[in-house]
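Input: a single structure, listed below in structure tokens.
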Amino acid sequence: MTRVRFAPSPTGHLHVGGARTAIFNWLFAKHHGGTFIIRVEDTDQARSTAESETMVLDDLRWLGLLWDEGPDIGGPHTPYRQSERVNRYAAVARELLDRGVVYRCYCTEEELEAKRKEAEVAGRPPHYDLKCWINRRTDKGNAEQTPHAMRFHVPDDGDVTIDDLIRGEVTWKRESLGDFILIRSDGHPTYNFSVVVDDHDMEISHVIRAEEHLTNTHRQVLIYRAMEWAVPLFAHVSLILGQDRTKLSKRHGATSVTAYAEAGFLPDAMFNYLTMLGWSAPDGRDVFDRQYAIENFTLDRVNSAPAVFDPQKFEWLNSQYIHAMSAAVLRPLVVHSIGIDTPWLEEAIDVVKTSVHLLPQFLEVLRFVTEYSTPEIDRAFASAVAADLREHGAPHDADAVKAMNERLKKATGLKGKELFMPLRLAMTGMDHGPELVRAIPLLARASESDPGVLSPLARVEQCIR
Ligand code: GLU
């Protein structure tokens with residue numbers, strides 16, 4: 001049974017890196033017909049907030065990553081919020097105490113800091129000096145009342161090798177690790193402990209997470225071993241870098257999913273782009289839908305080298321989605337983005353969408369409909385256009401526009417660019433925009449349904465005045 005989890009720490013927005021990790025877990029689950037779980041890692045009480053949890057879950061939903069078990073919907077291993085599982089961590093720590101691999105450590109933070117400094121000066125690794133491990137047998141009586149942490153003793157056979165599904169074999173030597181804390185003196189578990197207890201309890205089969213947690217895996221595997229629990233398979237996904245090849249951060253611009261949503265990126269495009277940060281399609285395609293990604297997603301196609309976030313490529317990909325979407329589907333998104341809702345909007349979207357990369361750009365490219373600033377054009381030419389519009393009415397389709405162009409050619413003696421540029425200026429007030437065979441019928445219809453839009457005739461009349 002394939003069971004994977006995305007385990008966000010609710011300390012802010014969902015960021016691009018976290019979103020990519022969530023996508024890989026989701027795709028892996030879907031590809032194998034498995035279960036995708038959300039577990040909220042909120043044991044850092046100072047930094048975790050309920051608002052952040054809500055934002056992160058909203059961002060996941062926006063990306064279309066729905067989960068099968070999680071803090072809001074529950075599941076067979078409720079609760080899915082670490083702050084509600086502290087009793088369980090305490091129980092496992094007690095069991096490890098009974099097994100003799102965990103001991104109470106009474107050393108204070110000041111003591112530990114002094115020891116670390118000493119070790120540094122002496123050129124030793126900053127490992128715990130084992131004082132409380134050595135004294136553990138005399139640890140009786142009021143031991144439980146005195147403030148203490150629960151510390152894990154790294155066993156002599158504490159070398160660990162994993163076969164990471166992305167990075168291959170990784171080995172750690174016992175000596176690289178000092179005894180480490182599982183439960184702090186305030187009763188809160190450390191990340192390395194709670195994550196193991198939860199991954200075990202929630203029957204996680206594959207841990208797919210960010211590379212930064214690779215070094216934690218040594219400690220985590222030792223805890224599994226001490227509890228005689230099955231160790232899950234690990235897959236550590238590489239970093240995302242900015243174009244200067246440093247870790248992607250605020251310096252590189254927007255990094256949260258929310259910021260991209262607000263900038264007018266589409267969830268499908270973001271899903272597609274983030275999937276490509278590390279994974280490549282077997283046939284090399286750049287644009288793919290979720291179904292294709294689900295069918296083809298395997299970890300052996302995930303690159304162990306870092307991925308570079310390319311905002312231009314992302315924007316290009318977003319434009320591909322906008323161009324491929326029908327105006328009817330785009331309409332509500334555009335309304336939401338630019339705050340304009342009119343009867344002519346859908347037709348207008350269809351006319352201009354191929355020039356848009358981001359939803360808010362619709363505002364700019366639709367300006368020729370909503371606004372008209374009178375251009376400088378030849379008055380005789382404008383009069384000829386006005387006469388034609390009065391006699392034949394405004395053209396409502398491409399054929400009618402072509403017929404008008406033929407008549408204007410005859411009436412003015414102009415052709416090609418000489419004809420179309422002043423005509424474009426007269427109709428739209430601008431020297432660029434969508435093709436006239438679509439723009440003019442749009443203006444004709446829009447002016448009939450919306451008194452705020454000037455008709456083709458009213459426009460050209462302004463050029464004569
Ligand atoms: N809560 C951790 C984080 O946000 C995830 C840990 C894990 O996946 O094991 O980085």
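Just so you know, ligand 1 is whichever comes first in the structure, and atom 1 is the first atom listed for that ligand.
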Taking the six-membered ring where the residue is Trp, are the ring centres of F24 and F6 under 6.0 Å apart?
->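 No, too far apart.
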Given the side-chain rings of H206 and F28, with only the six-membered ring counted for Trp, is the space between their centroids under 6.0 Å?
->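 That pair passes the under 6.0 Å test.
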Lys/Arg cation over aromatic F180: R151, 6.0 Å, 45° cone =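 No - R151 does not lie over the ring of F180 by the 6.0 Å and 45° rule.
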Can R136 be said to sit on top of Y103's aromatic six-ring, NZ or CZ under 6.0 Å from centre and within 45° of the ring axis?
->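 Cation-pi check for R136 and Y103: fails.
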Would you check ligand 1 and list the protein residues that come within less than 4.0 Å of it by any heavy atom, ordered by chain and number?
->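 For ligand 1, the contacting residues are R5, A7, S9, E41, Y191, V195, R209, H213.
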Identify each donor-acceptor pair in which a side-chain atom of residues 328-338 lies under 3.5 Å from a protein atom, sequence neighbours left out, and give them as a table.
unit_1 : atom_1 : unit_2 : atom_2 : d
R331   : NH1    : D341   : OD1    : 3.3
R331   : NH2    : D341   : OD1    : 2.8
R331   : NH2    : T342   : O      : 3.0

Under the salt bridge (Lys or Arg N to Asp or Glu O under 4.0 Å) rule, what do E364 and R367 come out as? Steps first, then yes or no, please.
-> CA-CA 5 Å; E364 187 54 37; R367 223 178 271 287; 3.1 Å; yes
